[in-house]
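Structure, as C-alpha coordinates:
So you know, we letter chains A, B, ... as the sequences are listed, proteins then strands, and number each from 1.
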2 protein chains.
Amino acid sequence: MTGTTEGSAPRRTRIQQEKRELILEAALEVFSANGFRGSTIDQIAEAAGMSKPNLLYYFRRKEDIHETLMQRLLDTWLAPLRELDDIGDPLTELRSYIRRKLEMARDFPRESRLFANEILQGAPRIRPMLEGELKTLVDEKATVIKGWMRAGKIARTDPWHLIFSIWATTQHYADFDVQVRAVLGADRGGDGRFEDAARFLEQLFLDGLKPKS
Amino acid sequence: MTGTTEGSAPRRTRIQQEKRELILEAALEVFSANGFRGSTIDQIAEAAGMSKPNLLYYFRRKEDIHETLMQRLLDTWLAPLRELDDIGDPLTELRSYIRRKLEMARDFPRESRLFANEILQGAPRIRPMLEGELKTLVDEKATVIKGWMRAGKIARTDPWHLIFSIWATTQHYADFDVQVRAVLGADRGGDGRFEDAARFLEQLFLDGLKPKS
DNA sequence: CAAATTTTTGACCGGTTGGACAAACGTTAG
DNA sequence: CTAACGTTTGTCCAACCGGTCAAAAATTTG
(Lines give C-alpha, C1' and ligand atoms only; values in the text may rest on other atoms or scores of the structure.)
Protein backbone atom coordinates (compact mmCIF):
# COMPACT_ATOMS: atom_id res chain seq x y z
CA MET A 1 0.00 0.00 0.00
CA THR A 2 2.69 2.49 -1.04
CA GLY A 3 2.57 5.71 -3.01
CA THR A 4 -0.03 8.42 -2.97
CA THR A 5 -3.01 7.72 -0.80
CA GLU A 6 -6.16 7.89 -2.86
CA GLY A 7 -9.02 8.97 -0.69
CA SER A 8 -10.66 5.79 0.57
CA ALA A 9 -10.34 3.58 -2.52
CA PRO A 10 -7.66 0.95 -1.89
CA ARG A 11 -4.99 0.43 -4.54
CA ARG A 12 -5.40 -2.86 -6.38
CA THR A 13 -3.25 -4.89 -8.72
CA ARG A 14 -4.49 -5.85 -12.15
CA ILE A 15 -5.13 -9.40 -11.06
CA GLN A 16 -7.09 -8.17 -8.05
CA GLN A 17 -9.28 -6.05 -10.28
CA GLU A 18 -10.03 -8.99 -12.55
CA LYS A 19 -10.69 -11.49 -9.80
CA ARG A 20 -12.92 -9.11 -7.91
CA GLU A 21 -14.86 -8.55 -11.10
CA LEU A 22 -15.15 -12.29 -11.59
CA ILE A 23 -16.42 -12.75 -8.06
CA LEU A 24 -18.97 -9.96 -8.36
CA GLU A 25 -20.32 -11.48 -11.55
CA ALA A 26 -20.62 -14.89 -9.89
CA ALA A 27 -22.17 -13.35 -6.78
CA LEU A 28 -24.76 -11.53 -8.86
CA GLU A 29 -25.77 -14.85 -10.35
CA VAL A 30 -26.00 -16.61 -7.01
CA PHE A 31 -27.45 -13.82 -4.88
CA SER A 32 -30.14 -12.93 -7.40
CA ALA A 33 -31.26 -16.54 -7.55
CA ASN A 34 -31.16 -17.41 -3.86
CA GLY A 35 -31.15 -14.16 -1.93
CA PHE A 36 -28.44 -13.13 0.49
CA ARG A 37 -29.07 -15.60 3.26
CA GLY A 38 -29.93 -18.32 0.81
CA SER A 39 -26.54 -18.09 -0.86
CA THR A 40 -23.33 -19.58 0.44
CA ILE A 41 -19.79 -18.43 -0.08
CA ASP A 42 -19.02 -21.87 -1.48
CA GLN A 43 -21.65 -21.44 -4.20
CA ILE A 44 -20.21 -18.09 -5.22
CA ALA A 45 -16.67 -19.43 -5.14
CA GLU A 46 -17.61 -22.38 -7.30
CA ALA A 47 -19.44 -20.14 -9.76
CA ALA A 48 -16.34 -17.96 -9.92
CA GLY A 49 -14.08 -20.98 -10.38
CA MET A 50 -12.05 -20.62 -7.24
CA SER A 51 -11.80 -21.98 -3.71
CA LYS A 52 -13.62 -20.44 -0.79
CA PRO A 53 -10.50 -19.20 1.02
CA ASN A 54 -9.30 -17.72 -2.23
CA LEU A 55 -12.51 -15.80 -2.61
CA LEU A 56 -12.22 -14.60 0.95
CA TYR A 57 -8.80 -13.27 0.08
CA TYR A 58 -10.49 -10.75 -2.22
CA PHE A 59 -13.56 -10.06 -0.12
CA ARG A 60 -13.07 -10.45 3.61
CA ARG A 61 -16.70 -11.03 4.39
CA LYS A 62 -19.75 -12.29 2.53
CA GLU A 63 -21.48 -9.04 3.26
CA ASP A 64 -18.71 -7.06 1.57
CA ILE A 65 -19.53 -8.74 -1.72
CA HIS A 66 -23.18 -7.94 -1.36
CA GLU A 67 -22.48 -4.37 -0.38
CA THR A 68 -20.18 -3.75 -3.33
CA LEU A 69 -22.69 -5.32 -5.66
CA MET A 70 -25.48 -3.19 -4.27
CA GLN A 71 -23.59 0.06 -4.59
CA ARG A 72 -22.78 -0.54 -8.24
CA LEU A 73 -26.29 -1.73 -8.91
CA LEU A 74 -28.02 1.38 -7.69
CA ASP A 75 -26.07 3.64 -9.99
CA THR A 76 -26.94 1.77 -13.17
CA TRP A 77 -30.40 0.99 -11.93
CA LEU A 78 -31.42 4.59 -11.51
CA ALA A 79 -29.73 5.79 -14.69
CA PRO A 80 -32.95 5.72 -16.76
CA LEU A 81 -34.76 7.89 -14.25
CA ARG A 82 -31.83 10.31 -14.14
CA GLU A 83 -32.14 10.65 -17.89
CA LEU A 84 -35.77 11.74 -17.63
CA ASP A 85 -35.31 15.24 -18.89
CA ASP A 86 -37.32 18.41 -18.99
CA ILE A 87 -36.38 19.00 -22.61
CA GLY A 88 -38.46 17.36 -25.31
CA ASP A 89 -42.10 16.36 -25.42
CA PRO A 90 -43.34 15.09 -22.03
CA LEU A 91 -45.31 12.15 -23.39
CA THR A 92 -42.33 11.13 -25.51
CA GLU A 93 -40.04 11.45 -22.51
CA LEU A 94 -42.26 9.22 -20.39
CA ARG A 95 -42.66 6.72 -23.19
CA SER A 96 -38.93 6.36 -23.62
CA TYR A 97 -38.44 6.11 -19.87
CA ILE A 98 -40.87 3.21 -19.82
CA ARG A 99 -39.12 1.63 -22.78
CA ARG A 100 -35.69 1.98 -21.19
CA LYS A 101 -36.92 0.48 -17.94
CA LEU A 102 -38.47 -2.44 -19.77
CA GLU A 103 -35.23 -3.01 -21.66
CA MET A 104 -33.39 -3.11 -18.37
CA ALA A 105 -35.79 -5.72 -17.07
CA ARG A 106 -35.11 -7.72 -20.22
CA ASP A 107 -31.34 -7.28 -20.30
CA PHE A 108 -30.52 -7.20 -16.60
CA PRO A 109 -33.02 -9.44 -14.86
CA ARG A 110 -30.49 -10.56 -12.28
CA GLU A 111 -29.90 -7.01 -11.17
CA SER A 112 -33.64 -6.47 -10.89
CA ARG A 113 -34.10 -9.58 -8.80
CA LEU A 114 -31.16 -8.75 -6.55
CA PHE A 115 -32.75 -5.40 -5.89
CA ALA A 116 -36.19 -6.90 -5.36
CA ASN A 117 -34.78 -9.40 -2.92
CA GLU A 118 -33.19 -6.65 -0.88
CA ILE A 119 -36.35 -4.56 -0.75
CA LEU A 120 -38.53 -7.56 0.06
CA GLN A 121 -36.42 -8.30 3.12
CA GLY A 122 -36.97 -4.76 4.31
CA ALA A 123 -33.89 -3.25 2.65
CA PRO A 124 -31.73 -3.73 5.75
CA ARG A 125 -28.56 -2.73 3.94
CA ILE A 126 -29.74 0.13 1.73
CA ARG A 127 -32.52 1.87 3.61
CA PRO A 128 -30.42 5.03 4.12
CA MET A 129 -29.85 5.19 0.38
CA LEU A 130 -33.59 4.86 -0.26
CA GLU A 131 -34.49 7.64 2.14
CA GLY A 132 -31.64 9.81 0.94
CA GLU A 133 -30.37 9.55 -2.60
CA LEU A 134 -33.40 7.79 -4.07
CA LYS A 135 -36.01 10.01 -2.43
CA THR A 136 -34.15 13.12 -3.53
CA LEU A 137 -33.99 11.91 -7.12
CA VAL A 138 -37.65 10.93 -7.23
CA ASP A 139 -38.78 14.17 -5.61
CA GLU A 140 -36.77 16.07 -8.20
CA LYS A 141 -38.35 14.20 -11.09
CA ALA A 142 -41.78 14.53 -9.52
CA THR A 143 -41.32 18.28 -9.70
CA VAL A 144 -40.50 18.05 -13.38
CA ILE A 145 -43.60 15.95 -13.99
CA LYS A 146 -45.74 18.37 -12.02
CA GLY A 147 -44.50 21.10 -14.33
CA TRP A 148 -45.72 19.11 -17.29
CA MET A 149 -49.10 18.76 -15.67
CA ARG A 150 -49.37 22.45 -14.92
CA ALA A 151 -48.49 23.15 -18.54
CA GLY A 152 -51.30 20.85 -19.64
CA LYS A 153 -48.89 18.51 -21.40
CA ILE A 154 -50.03 15.43 -19.52
CA ALA A 155 -53.04 14.61 -17.39
CA ARG A 156 -52.96 15.59 -13.73
CA THR A 157 -52.10 12.76 -11.38
CA ASP A 158 -49.79 11.90 -8.55
CA PRO A 159 -46.25 11.93 -9.99
CA TRP A 160 -44.83 9.67 -7.27
CA HIS A 161 -47.39 6.97 -7.83
CA LEU A 162 -46.87 7.37 -11.55
CA ILE A 163 -43.20 6.56 -11.07
CA PHE A 164 -44.09 3.64 -8.81
CA SER A 165 -46.40 2.24 -11.46
CA ILE A 166 -43.68 2.42 -14.09
CA TRP A 167 -41.25 0.65 -11.81
CA ALA A 168 -43.81 -1.99 -10.91
CA THR A 169 -45.00 -2.80 -14.40
CA THR A 170 -41.56 -2.98 -15.97
CA GLN A 171 -39.65 -4.76 -13.23
CA HIS A 172 -42.48 -7.25 -13.00
CA TYR A 173 -41.15 -8.84 -16.21
CA ALA A 174 -37.81 -9.51 -14.53
CA ASP A 175 -38.85 -10.29 -10.98
CA PHE A 176 -41.89 -12.41 -11.81
CA ASP A 177 -40.45 -13.83 -15.00
CA VAL A 178 -41.22 -17.42 -14.04
CA GLN A 179 -44.85 -16.59 -13.48
CA VAL A 180 -45.13 -14.55 -16.66
CA ARG A 181 -43.70 -17.39 -18.72
CA ALA A 182 -45.85 -19.97 -16.99
CA VAL A 183 -49.04 -18.02 -17.64
CA LEU A 184 -48.20 -17.10 -21.22
CA GLY A 185 -47.33 -20.69 -21.98
CA ALA A 186 -44.87 -22.14 -24.44
CA ASP A 187 -46.22 -20.33 -27.49
CA ARG A 188 -46.47 -16.75 -26.23
CA GLY A 189 -43.86 -16.93 -23.48
CA GLY A 190 -40.89 -16.75 -25.84
CA ASP A 191 -38.70 -13.79 -26.70
CA GLY A 192 -41.65 -11.87 -28.10
CA ARG A 193 -43.16 -11.28 -24.69
CA PHE A 194 -41.13 -8.13 -24.13
CA GLU A 195 -42.35 -6.59 -27.34
CA ASP A 196 -45.92 -7.46 -26.43
CA ALA A 197 -45.34 -5.92 -23.02
CA ALA A 198 -43.88 -2.78 -24.57
CA ARG A 199 -46.89 -2.36 -26.83
CA PHE A 200 -49.32 -2.95 -24.01
CA LEU A 201 -47.61 -0.62 -21.56
CA GLU A 202 -47.42 2.16 -24.10
CA GLN A 203 -51.13 1.96 -24.67
CA LEU A 204 -51.91 1.67 -20.98
CA PHE A 205 -49.89 4.67 -19.96
CA LEU A 206 -50.97 6.85 -22.84
CA ASP A 207 -54.62 6.02 -23.36
CA GLY A 208 -55.82 3.79 -20.56
CA LEU A 209 -58.57 1.30 -21.12
CA LYS A 210 -61.53 3.43 -22.02
CA PRO A 211 -62.73 2.68 -25.52
CA LYS A 212 -62.24 5.33 -28.16
CA SER A 213 -65.99 5.56 -28.80
CA MET B 1 -65.00 -32.53 10.81
CA THR B 2 -66.04 -35.48 12.98
CA GLY B 3 -66.39 -39.13 12.35
CA THR B 4 -66.00 -40.29 8.80
CA THR B 5 -62.51 -40.44 7.39
CA GLU B 6 -62.11 -37.88 4.64
CA GLY B 7 -60.00 -38.99 1.72
CA SER B 8 -56.32 -38.26 2.34
CA ALA B 9 -56.71 -35.54 4.97
CA PRO B 10 -55.32 -36.90 8.22
CA ARG B 11 -57.60 -36.95 11.26
CA ARG B 12 -56.66 -34.26 13.76
CA THR B 13 -57.69 -33.46 17.31
CA ARG B 14 -59.02 -30.05 18.22
CA ILE B 15 -55.73 -29.09 19.88
CA GLN B 16 -53.81 -30.16 16.81
CA GLN B 17 -55.97 -27.94 14.63
CA GLU B 18 -55.35 -24.98 16.88
CA LYS B 19 -51.63 -25.47 17.24
CA ARG B 20 -51.14 -26.02 13.54
CA GLU B 21 -53.02 -22.80 12.92
CA LEU B 22 -50.81 -21.00 15.43
CA ILE B 23 -47.69 -22.33 13.75
CA LEU B 24 -48.86 -21.34 10.28
CA GLU B 25 -49.59 -17.82 11.47
CA ALA B 26 -46.13 -17.57 13.02
CA ALA B 27 -44.51 -19.09 9.95
CA LEU B 28 -46.23 -16.58 7.68
CA GLU B 29 -44.74 -13.80 9.76
CA VAL B 30 -41.25 -15.25 9.71
CA PHE B 31 -41.14 -16.61 6.16
CA SER B 32 -42.52 -13.45 4.60
CA ALA B 33 -39.91 -11.37 6.37
CA ASN B 34 -36.87 -13.56 5.83
CA GLY B 35 -37.66 -15.92 3.00
CA PHE B 36 -37.61 -19.69 3.29
CA ARG B 37 -33.92 -20.28 3.66
CA GLY B 38 -33.51 -17.16 5.73
CA SER B 39 -35.95 -18.42 8.34
CA THR B 40 -35.18 -20.93 11.05
CA ILE B 41 -37.48 -23.35 12.78
CA ASP B 42 -36.44 -21.79 16.06
CA GLN B 43 -37.68 -18.40 14.94
CA ILE B 44 -41.03 -19.83 13.95
CA ALA B 45 -41.28 -21.81 17.15
CA GLU B 46 -40.53 -18.76 19.25
CA ALA B 47 -43.05 -16.67 17.30
CA ALA B 48 -45.60 -19.41 17.95
CA GLY B 49 -44.70 -19.58 21.63
CA MET B 50 -43.49 -23.15 21.70
CA SER B 51 -40.30 -25.16 21.66
CA LYS B 52 -38.71 -26.39 18.46
CA PRO B 53 -39.30 -30.10 19.09
CA ASN B 54 -42.87 -29.25 19.93
CA LEU B 55 -43.30 -27.50 16.64
CA LEU B 56 -41.75 -30.45 14.86
CA TYR B 57 -44.37 -32.61 16.49
CA TYR B 58 -47.02 -30.83 14.43
CA PHE B 59 -45.01 -30.36 11.23
CA ARG B 60 -42.40 -33.01 10.60
CA ARG B 61 -40.23 -30.86 8.33
CA LYS B 62 -39.67 -27.16 7.80
CA GLU B 63 -40.73 -27.57 4.20
CA ASP B 64 -44.09 -29.01 5.23
CA ILE B 65 -44.96 -25.74 6.92
CA HIS B 66 -44.01 -23.77 3.85
CA GLU B 67 -45.92 -26.08 1.56
CA THR B 68 -49.09 -25.93 3.63
CA LEU B 69 -48.81 -22.17 3.82
CA MET B 70 -48.35 -21.92 0.08
CA GLN B 71 -51.33 -24.07 -0.77
CA ARG B 72 -53.68 -22.03 1.40
CA LEU B 73 -52.20 -18.81 0.12
CA LEU B 74 -52.89 -19.47 -3.53
CA ASP B 75 -56.58 -20.00 -2.95
CA THR B 76 -57.18 -16.70 -1.19
CA TRP B 77 -54.71 -14.93 -3.40
CA LEU B 78 -56.51 -15.71 -6.60
CA ALA B 79 -59.98 -15.13 -5.20
CA PRO B 80 -60.28 -11.58 -6.57
CA LEU B 81 -59.45 -12.74 -10.07
CA ARG B 82 -61.97 -15.58 -9.76
CA GLU B 83 -64.60 -12.98 -8.92
CA LEU B 84 -63.94 -11.08 -12.13
CA ASP B 85 -67.26 -11.71 -13.76
CA ASP B 86 -68.81 -11.33 -17.14
CA ILE B 87 -71.91 -9.75 -15.69
CA GLY B 88 -71.94 -6.03 -15.07
CA ASP B 89 -70.17 -3.18 -16.78
CA PRO B 90 -66.65 -4.18 -17.93
CA LEU B 91 -64.93 -1.00 -16.82
CA THR B 92 -66.63 -1.25 -13.44
CA GLU B 93 -65.60 -4.88 -13.14
CA LEU B 94 -61.98 -4.07 -13.85
CA ARG B 95 -62.04 -1.11 -11.52
CA SER B 96 -63.30 -3.20 -8.66
CA TYR B 97 -60.81 -5.94 -9.44
CA ILE B 98 -58.02 -3.39 -9.12
CA ARG B 99 -59.51 -2.08 -5.93
CA ARG B 100 -59.82 -5.54 -4.43
CA LYS B 101 -56.24 -6.37 -5.34
CA LEU B 102 -55.01 -3.15 -3.81
CA GLU B 103 -56.97 -3.88 -0.65
CA MET B 104 -55.31 -7.27 -0.45
CA ALA B 105 -51.90 -5.65 -0.76
CA ARG B 106 -52.88 -3.35 2.09
CA ASP B 107 -54.49 -5.97 4.32
CA PHE B 108 -52.35 -9.00 3.55
CA PRO B 109 -48.86 -7.75 2.81
CA ARG B 110 -47.24 -10.79 4.36
CA GLU B 111 -49.05 -13.11 2.01
CA SER B 112 -47.98 -10.96 -0.92
CA ARG B 113 -44.36 -11.00 0.15
CA LEU B 114 -44.38 -14.71 0.77
CA PHE B 115 -45.66 -15.23 -2.73
CA ALA B 116 -43.17 -12.77 -4.20
CA ASN B 117 -40.33 -14.51 -2.43
CA GLU B 118 -41.34 -17.83 -3.88
CA ILE B 119 -41.62 -16.50 -7.43
CA LEU B 120 -38.37 -14.57 -7.18
CA GLN B 121 -36.51 -17.75 -6.30
CA GLY B 122 -37.90 -19.37 -9.42
CA ALA B 123 -41.03 -20.84 -7.82
CA PRO B 124 -39.34 -24.18 -7.10
CA ARG B 125 -42.27 -25.43 -5.04
CA ILE B 126 -45.26 -24.12 -6.99
CA ARG B 127 -44.25 -24.08 -10.63
CA PRO B 128 -46.69 -26.86 -11.52
CA MET B 129 -49.50 -24.84 -10.01
CA LEU B 130 -48.50 -21.80 -12.04
CA GLU B 131 -48.45 -23.70 -15.29
CA GLY B 132 -51.63 -25.53 -14.44
CA GLU B 133 -54.24 -23.97 -12.23
CA LEU B 134 -53.07 -20.38 -12.56
CA LYS B 135 -52.60 -20.44 -16.32
CA THR B 136 -56.03 -21.99 -16.78
CA LEU B 137 -57.67 -19.32 -14.67
CA VAL B 138 -55.89 -16.47 -16.41
CA ASP B 139 -56.61 -17.84 -19.86
CA GLU B 140 -60.25 -18.11 -18.91
CA LYS B 141 -60.41 -14.51 -17.72
CA ALA B 142 -58.45 -13.37 -20.77
CA THR B 143 -61.23 -14.79 -22.88
CA VAL B 144 -63.80 -12.83 -20.93
CA ILE B 145 -61.77 -9.64 -21.38
CA LYS B 146 -61.38 -10.31 -25.09
CA GLY B 147 -65.14 -10.50 -25.31
CA TRP B 148 -65.41 -7.06 -23.78
CA MET B 149 -62.96 -5.75 -26.33
CA ARG B 150 -64.85 -7.26 -29.22
CA ALA B 151 -68.02 -5.68 -27.88
CA GLY B 152 -66.28 -2.30 -27.84
CA LYS B 153 -66.69 -1.98 -24.09
CA ILE B 154 -62.99 -1.47 -23.43
CA ALA B 155 -60.03 -0.60 -25.64
CA ARG B 156 -58.28 -3.43 -27.47
CA THR B 157 -55.11 -4.63 -25.82
CA ASP B 158 -53.41 -7.78 -24.67
CA PRO B 159 -55.57 -9.21 -21.85
CA TRP B 160 -52.69 -11.23 -20.35
CA HIS B 161 -50.42 -8.23 -20.06
CA LEU B 162 -53.33 -6.24 -18.70
CA ILE B 163 -53.68 -8.74 -15.88
CA PHE B 164 -49.93 -8.68 -15.29
CA SER B 165 -50.00 -4.91 -15.01
CA ILE B 166 -52.76 -5.04 -12.43
CA TRP B 167 -50.87 -7.60 -10.41
CA ALA B 168 -47.66 -5.61 -10.68
CA THR B 169 -49.04 -2.22 -9.74
CA THR B 170 -51.09 -3.43 -6.80
CA GLN B 171 -48.71 -5.94 -5.27
CA HIS B 172 -45.96 -3.35 -5.56
CA TYR B 173 -47.47 -1.60 -2.55
CA ALA B 174 -47.00 -4.71 -0.44
CA ASP B 175 -43.77 -6.13 -1.82
CA PHE B 176 -41.90 -2.83 -2.15
CA ASP B 177 -43.56 -1.20 0.83
CA VAL B 178 -40.25 -0.15 2.38
CA GLN B 179 -39.26 1.63 -0.79
CA VAL B 180 -42.64 3.27 -1.24
CA ARG B 181 -42.56 4.63 2.29
CA ALA B 182 -38.97 5.77 1.97
CA VAL B 183 -39.67 7.69 -1.22
CA LEU B 184 -42.95 9.20 -0.06
CA GLY B 185 -41.33 10.31 3.18
CA ALA B 186 -42.78 10.80 6.60
CA ASP B 187 -45.57 13.13 5.55
CA ARG B 188 -47.05 11.26 2.58
CA GLY B 189 -45.97 7.72 3.49
CA GLY B 190 -48.64 7.27 6.14
CA ASP B 191 -51.90 5.40 5.93
CA GLY B 192 -53.15 7.65 3.18
CA ARG B 193 -50.80 6.18 0.61
CA PHE B 194 -53.21 3.42 -0.31
CA GLU B 195 -55.99 5.86 -1.06
CA ASP B 196 -53.62 7.93 -3.16
CA ALA B 197 -52.57 4.78 -4.95
CA ALA B 198 -56.18 3.79 -5.55
CA ARG B 199 -56.99 7.16 -7.05
CA PHE B 200 -53.92 7.11 -9.23
CA LEU B 201 -54.42 3.57 -10.47
CA GLU B 202 -58.04 4.19 -11.33
CA GLN B 203 -57.07 7.15 -13.48
CA LEU B 204 -54.15 5.32 -15.07
CA PHE B 205 -56.14 2.28 -16.05
CA LEU B 206 -59.16 4.20 -17.25
CA ASP B 207 -57.77 7.26 -18.96
CA GLY B 208 -54.02 6.96 -19.23
CA LEU B 209 -51.79 10.00 -19.20
CA LYS B 210 -52.85 11.86 -22.29
CA PRO B 211 -54.28 15.26 -21.39
CA LYS B 212 -57.97 15.83 -21.94
CA SER B 213 -57.28 18.70 -24.32
C1' DC C 1 19.48 -15.89 -10.04
C1' DA C 2 17.25 -14.80 -5.25
C1' DA C 3 14.41 -12.06 -2.31
C1' DA C 4 10.06 -10.10 -1.64
C1' DT C 5 5.44 -10.00 -2.47
C1' DT C 6 1.10 -11.65 -3.99
C1' DT C 7 -2.00 -15.45 -4.76
C1' DT C 8 -3.90 -20.06 -3.77
C1' DT C 9 -5.03 -23.92 -1.03
C1' DG C 10 -5.99 -27.62 2.60
C1' DA C 11 -7.03 -28.07 7.08
C1' DC C 12 -9.42 -26.51 10.71
C1' DC C 13 -12.81 -24.10 14.06
C1' DG C 14 -16.86 -22.36 16.43
C1' DG C 15 -21.49 -21.47 15.82
C1' DT C 16 -25.88 -22.51 13.72
C1' DT C 17 -29.46 -25.33 11.83
C1' DG C 18 -32.73 -29.05 10.67
C1' DG C 19 -34.13 -32.84 12.66
C1' DA C 20 -34.24 -37.36 15.82
C1' DC C 21 -35.33 -39.43 20.17
C1' DA C 22 -36.52 -40.92 24.47
C1' DA C 23 -38.13 -39.49 28.58
C1' DA C 24 -41.33 -36.66 31.12
C1' DC C 25 -45.67 -34.47 31.58
C1' DG C 26 -50.61 -33.93 31.31
C1' DT C 27 -55.22 -35.61 30.42
C1' DT C 28 -58.83 -38.66 30.06
C1' DA C 29 -61.33 -43.15 30.37
C1' DG C 30 -62.18 -47.25 32.82
C1' DC D 1 -55.69 -45.54 40.95
C1' DT D 2 -53.88 -46.79 36.54
C1' DA D 3 -53.41 -47.64 31.82
C1' DA D 4 -53.56 -45.40 27.45
C1' DC D 5 -52.98 -41.68 24.73
C1' DG D 6 -51.70 -37.15 23.33
C1' DT D 7 -48.43 -33.40 24.22
C1' DT D 8 -44.08 -31.15 25.57
C1' DT D 9 -39.29 -30.76 26.37
C1' DG D 10 -34.06 -31.45 27.15
C1' DT D 11 -30.55 -33.48 24.92
C1' DC D 12 -28.10 -34.83 21.23
C1' DC D 13 -26.24 -35.24 16.39
C1' DA D 14 -24.61 -34.69 11.75
C1' DA D 15 -24.41 -31.41 8.18
C1' DC D 16 -23.56 -26.93 6.90
C1' DC D 17 -21.68 -22.36 6.96
C1' DG D 18 -18.82 -18.20 7.57
C1' DG D 19 -14.45 -17.30 8.46
C1' DT D 20 -9.26 -18.17 10.12
C1' DC D 21 -4.58 -19.61 9.47
C1' DA D 22 -0.33 -21.23 8.19
C1' DA D 23 2.00 -22.88 4.62
C1' DA D 24 2.66 -23.77 -0.28
C1' DA D 25 2.69 -22.00 -4.93
C1' DA D 26 3.07 -18.45 -8.19
C1' DT D 27 4.42 -14.02 -9.49
C1' DT D 28 6.90 -9.80 -9.34
C1' DT D 29 10.96 -7.16 -8.29
C1' DG D 30 15.84 -6.15 -7.81
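- D/dG18 atom P lies 14 Å from atom CD1 of A/I23, rounded to whole Å.
- Annotation: B/Y173 is in aromatic contact with A/H161 [ring centroid separation under 6.0 Å].
- Contact between the side-chain N/O atoms of B/K19 and the OP1/OP2 oxygens of D/dT8 is found at a separation under 4.0 Å.
- Side-chain nitrogen and oxygen atoms of A/Y57 include none within less than 4.0 Å of the OP1 or OP2 phosphate oxygen of C/dT9.
- Rounded to whole Å, atom P of C/dA20 lies 8 Å from atom CZ of B/R60.
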Verdict with supporting geometry, A/E63 and A/R37, salt bridge (charged side-chain N to carboxylate O under 4.0 Å, His left out): CA-CA 10 Å; A/E63 220 178 300; A/R37 293 208 53 184; over 6 Å; no
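- C/dT16 atom P lies 16 Å from atom CG of B/N34, rounded to whole Å.
- The side-chain tip of B/K62 points at the ring of B/F36 from less than 6.0 angstrom away and within 45° of straight on.
- Between B/R20 and B/E25, none of the side-chain N atoms (NZ, or NE/NH1/NH2) sits under 4.0 Å from a carboxylate O, so this pair counts as no salt bridge.
- Counting to the nearest Å, the C1' atom of C/dT16 and the NZ atom of A/K62 are 13 Å from each other.
- Note: B/F31 and B/H66 have perpendicular aromatic rings, judged against thresholds of 30 and 60 degrees for the angle between ring planes.
- Rounded to whole Å, the distance from CG on A/L56 to C1' on D/dC21 is 12 Å.
- When the side-chain nitrogen and oxygen atoms of B/N54 are compared with OP1 and OP2 of D/dT7, none of them lie within a distance under 4.0 Å.
- Geometrically, A/K141 does not engage A/W160 in a cation-pi contact, judged by NZ or CZ lying under 6.0 Å from the ring centre and within 45° of the ring axis.
- Of the residues in residues 36-52 of chain B, B/S39, B/T40, B/I41, B/K52 come within less than 4.0 Å of DNA chain C through at least one heavy atom, sorted by number.
- Between the CZ atom of B/R20 and the C1' atom of D/dG6 there is a distance of 15 Å, given to the nearest Å.
- Residue B/Q16 places no side-chain N or O under 4.0 Å from the OP1 or OP2 atom of D/dG6.
- In this structure, the OH atom of B/Y58 is 20 Å from the P atom of C/dG18, given to the nearest Å.
- Residue pairs that meet the side chain to side chain donor-acceptor pair (under 3.5 Å) test with at least one member in residues 40-56 of chain B, sequence neighbours left out, do not exist here.
- Between the CG atom of A/L22 and the P atom of C/dT7 there is a distance of 14 Å, given to the nearest Å.
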